[in-house]
**Q** 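This structure is in structure tokens; I'll ask about it shortly.
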Amino acid sequence: MNKSVVFGALTVAGLAASAAAAGTMDDVKARGTLNCGVTTGLVGFAAPDANGEWNGFDVSVCRAVAAAVLGDASAVTFVPTTGKTRFTALASGEIDLLARNTTWTFSRDVDLKFTFVGVNYYDGQGFMVPKELGVSSAKDLDGATVCIQTGTTTELNLADFFRTNNISYEPVPIETNAEAQQQYLAGACDVYTTDASGLAATRASFEDPAGHALLPEIISKEPLGPLVRHGDNEWGDVVRWTLNAVITAEELGVTSANVAEIASSTDNPEIKRLLGSEGTLGEMLGLDAEWAKRAIMAGGNYGEIFAKNIGEETPIGLARGLNAQWTEGGLLYSPPFR
């Protein structure tokens, strides 16, 4: 057994327990800003623009929570994290929330002492290769060099896939998506593997996206979502129900454009509870009545967030697929607001 791995897990778990005991929502309110862990840069999901302003699908989770808790979607300090540093940053209390295309797994939930508050993107691991390589299936990659981010489920899935198919590979370990992109384009590896959404986002940033193919195999389940520390259930509830609020808003037809008008005109009891014109849901969370209304106004409902950042009309070009609402044949399903 690798003692350093065990020690690392125990250290992260211990840090998480002590940091959670402090009461994260009180800390956030006292500080006046949300410290949100994001990726070091993945266009469409989390990346700074030319002015240093962070935007993206995962960034929208941070902004929605800040709007709900602090009344200001811009009251966020974004903390870039790698696959290796993200969990220590959360466990130590350096960040209040991790919204960084992170897969919900048994060991991360149980052993590392984190709470995944939901899934904001249902994904799976894929492979990208230069078309000139002439490869049409991942099963044809015997002997390939593969760029892979360390400290990720991707690393473990890759080993499982190649072993199961009795083929070999040579890993090229990298720390960040930017490094992976650089190495891949320089020819240091034949293949880049990560979540399929990440591959689409990375390819969209290439000078010649059409020169690269995403292979058909999806080799894993990767339910990606925001997470908090174990032991602070009140804070976990706030983040969980903020995510549920933007998902439910789409289901009920509430958008950033109509939220103010519909709050005062609707006869739908669930919309009234969601937007705070009826009931005491905000009070139950330790927030005011309009917390969810502000979260929706911050970046829109789930569908608006998806379309703006990673949807089919963006360079990334992702279809809703599994991330469609349950009413449209997808997996997106929020518990009821009642």
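The structure presented is a predicted model; accordingly, all values stated were derived computationally and were not measured. These numbers come from the heavy atoms of this one structure, side chains and all, not from hydrogens, waters or symmetry mates. Note that the numbering runs from 1 along the sequence shown for the chain.
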**Q** Counting neighbours of NZ on Lys84 that are heavy atoms of other residues, nucleotides or ligands and sit closer than 6.0 Å, is the number greater than 12?
**A** no
**Q** For the residue pair Asn177 / Thr202, report whether a side-chain donor-acceptor contact shorter than 3.5 Å exists.
**A** yes
**Q** Could you pull out the closest heavy-atom pair between Ile310 and Thr314, with the gap in Å?
**A** C-OG1, 3.3 Å
**Q** Can the ring centres of Phe87 and Phe114 be said to be less than 6.0 Å apart?
**A** yes
**Q** Here's one to test your reading of the geometry: is the NZ or CZ of Arg108 within 45 degrees of the ring axis of Phe116 and under 6.0 Å from its centre?
**A** no
**Q** Can you find a side-chain donor-acceptor pair between Glu175 and Gln149 that sits under 3.5 Å?
**A** no
**Q** Can you confirm whether the side chains of Thr85 and Thr82 place a donor and an acceptor under 3.5 Å from each other?
**A** yes
**Q** Under a plain distance cut-off of 3.5 Å, with no hydrogens placed, do Arg229 and Thr115 share a side-chain donor-acceptor pair?
**A** no
**Q** Counting heavy atoms not belonging to Asp208, are there more than 12 under 6.0 Å from its CG?
**A** yes
**Q** Is the count of non-hydrogen atoms from other residues, nucleotides or ligands lying under 6.0 Å from Lys139 atom NZ greater than 12?
**A** no
**Q** Is the CD atom of Glu278 crowded by more than 12 outside heavy atoms at less than 6.0 Å?
**A** yes
**Q** Okay, side chain of Asp160, backbone of Arg163: is any donor-acceptor separation there less than 3.5 Å?
**A** no
**Q** Would you say the side-chain atoms of Asp123 and Ser197 include a donor-acceptor pair closer than 3.5 Å?
**A** yes
**Q** If only side-chain N and O atoms count, and only distance matters, is there a donor-acceptor pair under 3.5 Å linking Thr145 with Glu170?
**A** no
**Q** Does Met25 CE have over 12 foreign heavy atoms under 6.0 Å away?
**A** yes
**Q** Can you list the steps and then say if Ser74 with Asp72 is a side-chain hydrogen bond (donor to acceptor under 3.5 Å, both in side chains)?
**A** CA-CA 5 Å; Ser74 67; Asp72 181 0; 2.6 Å; yes
**Q** Answer yes or no: does atom CZ of Phe206 have more than 12 heavy-atom neighbours from other residues, nucleotides or ligands under 6.0 Å?
**A** yes
**Q** Would Asn157 and Gln125 count as having a side-chain donor-acceptor pair, cut-off 3.5 Å?
**A** yes
**Q** Apply the test side-chain hydrogen bond (donor to acceptor under 3.5 Å, both in side chains) to residues Asp58 and Asn120: give CA-CA distance (whole Å), side-chain angles for both, the deciding distance (0.1 Å), then the verdict.
**A** CA-CA 8 Å; Asp58 285 333; Asn120 71 330; 3.3 Å; yes
**Q** side-chain hydrogen bond (donor to acceptor under 3.5 Å, both in side chains), that's the test. Do Ser137 and Glu217 meet it? Break it down for me.
**A** CA-CA 7 Å; Ser137 167; Glu217 287 87 359; 2.4 Å; yes
